Enquirer: 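Structure provided below as structure tokens; questions to follow.
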Amino acid sequence: MTSNPASTEDNRVIQSVTGESREPYVTEPVTDYREQAIAEVERFPSIQLSSVIEGNRTAGHQELNSVSIHELTATLQRAGQYFAEGDVGPSNTGPEEYIRNVVRVTGLPITTVRSAVETIRQTFENVESAIRAQTPSTNLRILDDLYYESPEKTTIGYVPKGHNLGLLAPSNHPAVLSLALVAYAMKYPLAIRPSDGDPFTPARIVHALHEAGVPEESAILLPGDREVGTKILEQSDLAMGFGGEQLQRKYASSPGVKIHGPGNSKVFVDADYAEQVETIDRLEEAMMADGGRGCINMSQIVTTGDAETIANRLAQRIKDVPVRSPLDEDSRIPALSDPDQAHRLDQLLTTNLSSPGAEDVTELYDSRPRVIEQDGATFLRPTVVLLDWSEFENGTHDLFQEFPFQYASVVAVPESEVVTALSDSLAVTLLSDSRDLERRALKEPSIEKLYANGELTCDIDLLEPHQGYISDFLYKKQAYRPSV
């Protein structure tokens, strides 16, 4: 059933972008965090996907690879300007309108979205650095020639594992799409299914690429239902998605599908640092930045010091953070686009907090309910939980995990158990001077990123691996003995 265009703001429609002319498809409304319709998004028919994806992986691949890497990166620099500053797309949407759309559909604070726009712009403009960091040769021609010479004067083939990349775009944070831009810069055509939680950012990226002059079939947008997403993952040569454990399990045995999951990012605080006032400043930043939505936001604190003191000081620090409209430039707490999710999370936490050795420390300082409804929007109060290590089973606890809001659990562990508590993490910050702990954490393979210099888990740099380098997923090295 097609929704009424008059019900949306300015009759905006997020259309599929395939490089082919066609009739408009069925649309559905895009609603904001107050459940008001603000736009429409097309539903691309899954029955037509095979031919479109085939065009992406054949014609798109051929056209993209006919362009030199230096021409391509120059084009991406222009695309970055269109993305951050231009009026793009069929509706000629300007940057401020785009930013407000993303705020309204995601509930993220507007300053977070502005920062994400700058991150994406910088990725467009500095993508050469990301490529150099990820490839075995600092000469970008490796992506034109498909080989390089090693220091031992051996010629090594460096070849793509496929001809296109299908992408299920995330909705937790716009800046995550920077990973896809690096893949495109490495000459991988993109077939993108935007998330219903943020269809605006993928659409703006694709329109900016086309405005800059990239081959049309090398960057396509395919909004649709879950079947569309499944077919994009399974019919593209390689595919990447963002999701929870269910999606990870589904594709765990598929080498051509890479699923980025929850982060479980942690900060270790040793006994000496636990007493320092600036430590609480840094813990608050790691927890509250970006609305707490990023997989690199701190969700767990491990200490050999006084966990109760850390939990209480952090709870006192965040108790006065006001709830404001996400469109307010001073907002810090995001609205949830799905009010039911807020109540489900509240019930889950309430149930688990009834178990032994678990305490919601925030309640001691903040009388507000965890679910806050204000001005037609729903918010979750930032929450700090104190846990007892003796109640953990094999280093795990139902409350010692990542939740999609500003949440942190705190636990004190024996020195011998620190690495166990820090394991299975996307990012770990060490607030410690122990070189022995640094070495032990570095040797733990389930820690993806280790910041032993004290920098925060929420600091991300595309020059560094993020669940590995995307180049390792896209390219392989092979023996190559050239004819000349």
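Since the model is a prediction, treat every value here as computed from it, not as a measurement.
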Enquirer: In this structure, are over 12 heavy atoms from other groups packed under 6.0 Å from R226 atom CZ?
Expert: no
Enquirer: The test is side-chain hydrogen bond (donor to acceptor under 3.5 Å, both in side chains); show your working for N264 and D424 and say whether it passes.
Expert: CA-CA 7 Å; N264 282 332; D424 296 318; over 6 Å; no
Enquirer: Identify the heavy atoms of P326 and L108 that sit nearest to each other, and give their distance.
Expert: CB-O, 3.5 Å
Enquirer: Let me know which of R57, K161, H163 forms a side chain to side chain donor-acceptor pair (under 3.5 Å) with D237.
Expert: R57
Enquirer: Any chance you could measure I259, atom CD1, to K250, atom NZ, to the nearest 0.5 Å?
Expert: 9.5 Å
Enquirer: Considering only heavy atoms from C-beta outward, does the side chain of F268 approach that of Q300 to under 4.5 Å?
Expert: no
Enquirer: Is there a donor-acceptor pair closer than 3.5 Å between any side-chain N or O of Y469 and the backbone N or O of L463?
Expert: yes
Enquirer: Would you confirm whether the ring centroid of F200 sits within less than 6.0 angstrom of the ring centroid of Y98?
Expert: no
Enquirer: With side chains defined as the heavy atoms from C-beta onward, is the minimum distance between Y475 and L143 less than 4.5 Å?
Expert: yes
Enquirer: Could you give the distance from NZ (K187) to CD1 (I131), rounded to the nearest 0.5 Å?
Expert: 9.5 Å
Enquirer: What are the two closest non-hydrogen atoms of A286 and C458, and how far apart are they?
Expert: CA-SG, 4.0 Å
Enquirer: In this structure, is the centre-to-centre distance between the rings of Y147 and Y158 below 6.0 Å?
Expert: no
Enquirer: State, yes or no, whether a side-chain contact exists between L430 and Y451 at a heavy-atom distance under 4.5 Å.
Expert: no
Enquirer: Do D196 and R43 meet the salt-bridge criterion of a basic N to acidic O distance under 4.0 Å?
Expert: yes
Enquirer: Could E97 and R100 be called an ion pair, given the rule that one side-chain N must be under 4.0 Å from one carboxylate O?
Expert: no
Enquirer: Has the side chain of S178 got a donor or acceptor atom that lies under 3.5 Å from a matching backbone atom of T123?
Expert: no
Enquirer: Once rounded to the nearest 0.5 Å, what's the spacing between atom CG of L233 and atom CG of L165?
Expert: 9.5 Å
Enquirer: Quick test of your reading of the model: are E284 and R332 salt-bridged, counting only N-O distances below 4.0 Å?
Expert: yes
Enquirer: Can you name the closest pair of heavy atoms from L422 and V428 and give their distance?
Expert: O-CG2, 3.8 Å
Enquirer: Is the backbone N or O of E42 less than 3.5 Å from a side-chain atom of T27, with the two atoms forming a donor-acceptor pair by type?
Expert: no
Enquirer: Under the side-chain hydrogen bond (donor to acceptor under 3.5 Å, both in side chains) rule, what do Q81 and Q77 come out as? Steps first, then yes or no, please.
Expert: CA-CA 7 Å; Q81 293 178 331; Q77 289 177 347; over 6 Å; no
Enquirer: Is the shortest distance from a Lys or Arg side-chain nitrogen in K449 or E464 to a carboxylate oxygen in the other one below 4.0 Å?
Expert: no
Enquirer: Got a donor-acceptor contact below 3.5 angstrom from the D225 side chain to the E227 backbone?
Expert: yes
Enquirer: Whether R204 engages the ring of F83 as a cation-pi pair (distance to the six-membered ring centre under 6.0 angstrom, angle to the ring normal within 45°) should be assessed.
Expert: yes
Enquirer: Could K266 and E402 be called an ion pair, given the rule that one side-chain N must be under 4.0 Å from one carboxylate O?
Expert: no
Enquirer: In sequence, state the C-alpha distance, the side-chain angles, and the governing distance for S50 and Q235, and then conclude on side-chain hydrogen bond (donor to acceptor under 3.5 Å, both in side chains).
Expert: CA-CA 7 Å; S50 296; Q235 294 183 14; 3.1 Å; yes
Enquirer: Taking all heavy atoms of L72 and all of V67, pick out the closest pair and write down the distance.
Expert: N-CG1, 3.8 Å
Enquirer: Is atom CD of Q62 surrounded by more than 12 heavy atoms (other residues, nucleotides or ligands) closer than 6.0 Å?
Expert: no
Enquirer: Answer whether the closest heavy-atom distance between the side chains of V127 and L181 falls below 4.5 Å.
Expert: no
Enquirer: Taking the side chain as everything from C-beta on, heavy atoms only, tell me whether T58 gets closer than 4.5 Å to E217.
Expert: no
Enquirer: Taking atom CZ of R293 and atom OG1 of T112, what is their separation to the nearest 0.5 Å?
Expert: 9.0 Å
Enquirer: Would you name the heavy atoms of C295 and S265 that are closest together and state the gap between them?
Expert: O-OG, 2.9 Å
Enquirer: Have S68 and E71 got a donor and an acceptor in their side chains that come within less than 3.5 Å?
Expert: yes
Enquirer: Please say which of L431, T304, T303 ends up in a side chain to side chain contact (heavy atoms under 4.5 Å, CB included) with Y273.
Expert: L431
Enquirer: Report yes if some heavy atom in the side chain of L190 is under 4.5 Å from a heavy atom in the side chain of I220; otherwise report no.
Expert: no
Enquirer: Please check this pair: side chain of S425 against backbone of S423, looking for a donor-acceptor N/O pair closer than 3.5 Å.
Expert: yes
Enquirer: Does D436 use its side chain to pair, donor to acceptor, with the backbone of R439 at less than 3.5 Å?
Expert: no
Enquirer: For a 4.5 angstrom cut-off between non-hydrogen side-chain atoms, does N101 reach D198?
Expert: no
Enquirer: Are E444 and R440 within salt-bridge range, i.e. N to O under 4.0 Å?
Expert: no
Enquirer: Looking at T429 and T457, would you say the former's side chain and the latter's main chain have a donor-acceptor pair under 3.5 Å?
Expert: yes
Enquirer: Going by the angle between their ring planes, with limits at 30° and 60°, are F405 and Y407 parallel, tilted or perpendicular?
Expert: tilted
Enquirer: Below 4.0 angstrom, N of the basic side chain to O of the carboxylate: do R282 and E278 qualify?
Expert: no
Enquirer: Quick one: do E234 and K231 make a salt bridge, cutoff under 4.0 Å?
Expert: no
Enquirer: So, the side chain of T73 versus the backbone of I69: is there a donor-acceptor pair under 3.5 Å, distance only?
Expert: yes
Enquirer: So, does N126 use its side chain to make a donor-acceptor pair with the main chain of Q122 at under 3.5 Å?
Expert: yes
Enquirer: Taking the basic N atoms (NZ, or NE/NH1/NH2) and the acidic carboxylate oxygens, is any pair closer than 4.0 Å for R121 and E85?
Expert: yes
Enquirer: Might you point out which heavy atoms bring A441 and I447 nearest each other, and give the distance in Å?
Expert: O-CD1, 3.8 Å
Enquirer: Just wondering, do Y188 and F473 contact through their side chains at under 4.5 Å, heavy atoms?
Expert: no
Enquirer: Within the supplied structure, the quantity of interest is the number of heavy atoms (other residues, nucleotides, ligands) at a distance under 6.0 Å from K477 NZ; does it exceed 12?
Expert: no
